[in-house]
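Notes follow once the structure below has been shown.
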Amino acid sequence: MVLPLSFYTREDVVRIARELLGKVLVTEFDGVRTAGMIVETEAYAGATDRASHAWNHRRTARTEVMYASGGVAYVYLCYGIHHLMNVVTHREDVPHAVLIRALEPLEGIEEMLLRRGKQSFHPSLTAGPGALSEALGIRTVHTGYSLLGPELFIEDRGIRVPAKKIVASTRVGVSYAGPDALRPYRFYIAGNNFVSKGKGLPLP
DNA sequence: CAAACGATTTTCT
DNA sequence: GAAAATCGTTTGG
């Protein structure tokens with residue numbers, strides 16, 4: 001089933017990040033379907049989190065969509081090259097979000113190879129936030145799109161990720177965030193080949 | 001209006 | 001392991 005709006009509008013963004021592991025992200029642009037199981041996420045706790053684009057209620061044209069009510073996508077361009085996709089959570093005016101960092105491909109692998117310009121199936125196809133966005137055709141034009149479909153949605157297909165397989169660590173690439181860089185807000189499935197190689201700071 | 005920079009990935013040594 | 005690629009967003013003058 002497609003995750004309902006009530007999944008996204010809850011208050012605990014860290015819990016939502018953890019619960020997104022094992023869910024399936026699907027895109028269907030121009031009738032082409034691609035999908036993958038989420039294996040790595042990061043929570044960004046809005047105004048109180050220095051690592052967040054919305055830290056201290058920073059509000060710009062780019063981050064405006066983070067202030068929407070949960071259940072929409074926040075997609076932005078990083079390093080001029082990579083499109084990074086986030087799930088907006090919580091209620092209106094509370095700019096929480098979860099970055100999707102890695103997927104295990106499930107459907108439309110041929111199309112993913114085409115979009116990524118790859119010859120063969122390899123974890124680098126969808127391991128990493130920029131890579132998975134390219135594989136699924138997600139670009140900044142999709143920011144603000146509903147996560148309830150029809151072109152972009154997340155499903156629960158009954159995949160259960162045992163708590164013992166969920167690892168918490170620090171977030172990748174946020175060392176500028178001072179003490180907040182130490183928050184254990186990154187989650188991934190232990191042993192999954194499609195988890196990105198990115199590293200955060202060592203946990204205290 | 002100019003300039004620095006980034007929640008990354010790939011390639012080259 | 002280091003460095004380049006590449007451009008929209010943000011910030012400072």
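Note that the structure is predicted; figures quoted are calculated from it, not measured. We name chains A, B, ... by the order of the sequence lines, and we start the count at 1 in each one.
In this entry the distance linking NZ of K197(A) with P of dG1(C) reads 15 Å, nearest Å. Regarding E40(A), its CD atom lies at a distance of 9 Å from the P atom of dT9(B), rounded to whole Å. Rounded to a whole Å, the CD atom of E134(A) is 14 Å from the C1' atom of dT6(C). Summarising the geometry, the separation between CZ on R101(A) and P on dA7(B) is reported as 11 Å, rounded to the nearest angstrom. Atom-to-atom, NE2 of H122(A) to P of dT9(B) comes out at 14 Å; the value is rounded to the nearest Å. Remark: P of dC5(B) and OH of Y76(A) are 17 Å apart, rounded to the nearest angstrom. The separation between L125(A) atom CG and dT9(B) atom C1' is 14 Å, rounded to whole Å. Spacing between atom CD1 of I100(A) and atom P of dT8(B) amounts to 14 Å, rounded to whole angstrom units.
Using a 4.0 Å heavy-atom cutoff across all strands shown, R116(A) reaches sugar-phosphate atoms only and no base atom. Note on I81(A): a base of the nucleic acid sits closer than 4.0 angstrom, heavy atoms only.
The base-pairing partner of dC5(B), taking Watson-Crick or G-U wobble contacts with both distances under 3.5 Å, is dG8(C).
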Please write out each protein N/O paired with an N/O of nucleotides 8-12 of chain C under 3.5 Å, distance rounded to 0.1 Å.
residue	atom	partner	partner atom	Å
dT9(C)	O3'	R62(A)	NE	3.2
dT10(C)	OP1	T60(A)	OG1	2.3
dT10(C)	OP1	R62(A)	NE	3.3
dT10(C)	OP2	T60(A)	OG1	3.2

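Put simply, OG1 on T140(A) and CG on L84(A) are 11.5 Å apart, with the number rounded to the nearest 0.5 Å. One finds the OH atom of Y188(A) at 12.0 Å from the CD1 atom of I166(A) (value rounded to the nearest 0.5 Å). T27(A) contributes atom OG1, which lies 10.5 Å from atom CZ of R139(A) (distance to the nearest 0.5 angstrom).
In terms of phosphate contacts, Y79(A) brings no side-chain nitrogen or oxygen within less than 4.0 Å of OP1 or OP2 of dT10(B).
Judged by distance alone with a 3.5 Å cut-off, no donor-acceptor contact links the side chain of H82(A) to the base of dA7(B).
For Y8(A) and H90(A), the distance between ring centers is not under 6.0 angstrom. The aromatic ring centroids of H82(A) and Y79(A) lie 6.0 Å or more from each other.
Between Y76(A) and Y74(A), the angle of the ring planes stays under 30°, which puts this pair in the parallel group of the 30/60° scheme.
Not a single donor-acceptor pair under 3.5 Å links the side chain of T126(A) to the backbone N or O of L132(A).
Distances were taken from every side-chain heavy atom of A131(A) (C-beta onward) to each of dA7(B), dT8(B), dT9(B); the shortest belongs to dT9(B).
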